[in-house]
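Everything on this sheet refers to the single structure shown next.
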Amino acid sequence: MFGKKTAVVYFSRSGVTKGLVDKFPLEEGDRKIEITPAEPYPKSYFKTLARAKVEIEGGVDVELEHPKQDLGTYEQILIGFPIWFWTCPKVITAFIKENDFQGKTVYPFCTSGGIDITEAVDEIKRNAEGADVKRGKRFRKYSEDALRELLEQ
């Protein structure tokens, strides 16, 4: 379905975003990359929100388990995440800052029941230097039509 060499990069604390990504029809040569913080988020949703709020509002840098990835062979990169405080989690920003997105087409997507992806896309655009960042898409659940809409931007 993707038609180009694609990397699907994602962060999933609770498994919702991972569950979505696992349904994507990857082709030979495509790759999934899960972003993992060096210090895992708490199991408690409320403790995770408290930490996320400090990170986002305080501009805290989050360390990653595997910050650098070889994205050189991929033409398009899908970046998925839950929406936290109207934007992407800081692990997404940390990953983008650590890797070269020059000349890549980036398709942000989020898993959220009701919050729009706009602020998260703006955050990604500010940090993905030299990338063509598309407007993104919010998923409530997987559908091939929704995935096609994301890629046709």
Side-chain angles (χ1 to χ4, degrees), residues 1-57 62 64-67 69 71 73-99 101 104-128 131-153:
M1 167 177 265
F2 296 116
K4 297 179 180 177
K5 268 197 116 174
T6 302
V8 180
V9 177
Y10 69 96
F11 167 70
S12 185
R13 187 201 69 88
S14 68
V16 173
T17 304
K18 181 184 184 330
L20 175 72
V21 168
D22 285 347
K23 294 175 181 170
F24 285 6
L26 298 180
E27 299 169 359
E28 187 174 332
D30 293 344
R31 179 177 171 207
K32 287 193 290 190
I33 301 169
E34 184 170 9
I35 301 171
T36 309
E39 180 185 333
Y41 285 94
K43 291 188 187 287
S44 162
Y45 177 71
F46 296 106
K47 288 181 181 178
T48 294
L49 286 181
R51 176 175 157 187
K53 185 173 184 169
V54 169
E55 291 171 353
I56 290 168
E57 291 180 359
V62 176
L64 303 177
E65 211 170 273
H66 305 285
Q69 296 289 325
L71 302 175
T73 61
Y74 301 101
E75 296 175 41
Q76 57 187 13
I77 300 173
L78 283 69
I79 299 180
F81 47 87
I83 292 289
W84 287 358
F85 296 95
W86 295 271
T87 192
C88 56
K90 290 302 268 187
V91 294
I92 298 297
T93 308
F95 183 86
I96 292 169
K97 287 179 177 180
E98 288 289 335
N99 291 282
F101 283 80
K104 307 293 181 191
T105 303
V106 176
Y107 299 90
F109 67 93
C110 70
T111 51
S112 170
I115 304 297
D116 188 61
I117 195 170
T118 305
E119 285 188 41
V121 171
D122 291 344
E123 177 72 11
I124 291 168
K125 283 180 180 179
R126 283 191 292 275
N127 290 283
D132 177 15
V133 180
K134 301 301 184 181
R135 70 180 180 276
K137 178 132 185 82
R138 176 173 54 100
F139 284 80
R140 291 183 193 190
K141 63 180 183 173
Y142 175 77
S143 84
E144 197 169 297
D145 289 340
L147 183 57
R148 191 171 287 111
E149 284 176 29
L150 173 68
L151 296 172
E152 289 176 352
Q153 297 180 30

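When the ring-ring contact (aromatic ring centres under 6.0 Å, His included) test is applied to F109, the partners found at least two apart in sequence or on another chain are F24, F139. For S12, the side-chain hydrogen bond (donor to acceptor under 3.5 Å, both in side chains) criterion is met by no residue, not counting sequence neighbours. Every residue meeting the ring-ring contact (aromatic ring centres under 6.0 Å, His included) condition with F11, not counting sequence neighbours, appears here in chain and number order: Y41, W84. Partners of E149 under the side-chain hydrogen bond (donor to acceptor under 3.5 Å, both in side chains) rule, at least two apart in sequence or in another chain, are K137. Judged as a side-chain hydrogen bond (donor to acceptor under 3.5 Å, both in side chains), and not counting sequence neighbours, S14 has no contacts. In this structure A131 satisfies the side-chain contact (heavy atoms from CB on, under 4.5 Å) test together with F101, V106, A128, V133, sequence neighbours excluded. Taking the side-chain hydrogen bond (donor to acceptor under 3.5 Å, both in side chains) definition, one finds that R51 meets it with E55, sequence neighbours left out. Qualifying side-chain contact (heavy atoms from CB on, under 4.5 Å) partners for D116, counting only residues two or more places apart in sequence or in other chains: T118. Residues passing the side-chain contact (heavy atoms from CB on, under 4.5 Å) test with K47 are P42, S44, sequence neighbours excluded. With sequence neighbours left out, R126 forms a side-chain contact (heavy atoms from CB on, under 4.5 Å) with D122, E123.
Nearest heavy atom pair, residue T93 against residue C88, reads OG1-SG, 4.1 Å. Between T105 and K134 the shortest heavy-atom distance is CG2-CE, 3.7 Å. Closest approach of L20 and K141 over heavy atoms only: CD1-C, 4.1 Å. Closest of all the heavy-atom pairs between P108 and L150 is O-CD1, 3.4 Å. Between K4 and D30 the shortest heavy-atom distance is O-OD1, 3.5 Å. Listed here is the closest heavy atom pair of N127 and I96: O-CG2, 3.3 Å.
For the atom pair I117 CD1 and W86 CH2, the distance stands at 16.0 Å (nearest 0.5 Å). Here CD1 of I92 is found 13.0 Å from NZ of K97. Values are rounded to the nearest 0.5 Å. For the atom pair L64 CG and E39 CD, the distance stands at 12.5 Å (nearest 0.5 Å).
A donor-acceptor pair under 3.5 Å links the side-chain atoms of N99 to the main chain of Q69, judged by distance alone. Although no hydrogens or angles enter the test, the distance criterion places a donor-acceptor pair under 3.5 Å between the side chain of K104 and the main chain of L71.
Within the structure, salt bridge (Lys or Arg N to Asp or Glu O under 4.0 Å) contacts touching residues 6-21 (residues at least two apart or in different chains) are K18-D22.
F85 CZ: more than 12 foreign heavy atoms inside a 6.0 Å radius.
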Distance-only criterion, 3.5 Å: show the donor-acceptor pairs between side-chain atoms of residues 74-82 and protein atoms not counting sequence neighbours.
unit_1: Q76; atom_1: NE2; unit_2: F2; atom_2: O; d: 3.4
unit_1: Q76; atom_1: NE2; unit_2: T6; atom_2: OG1; d: 2.9

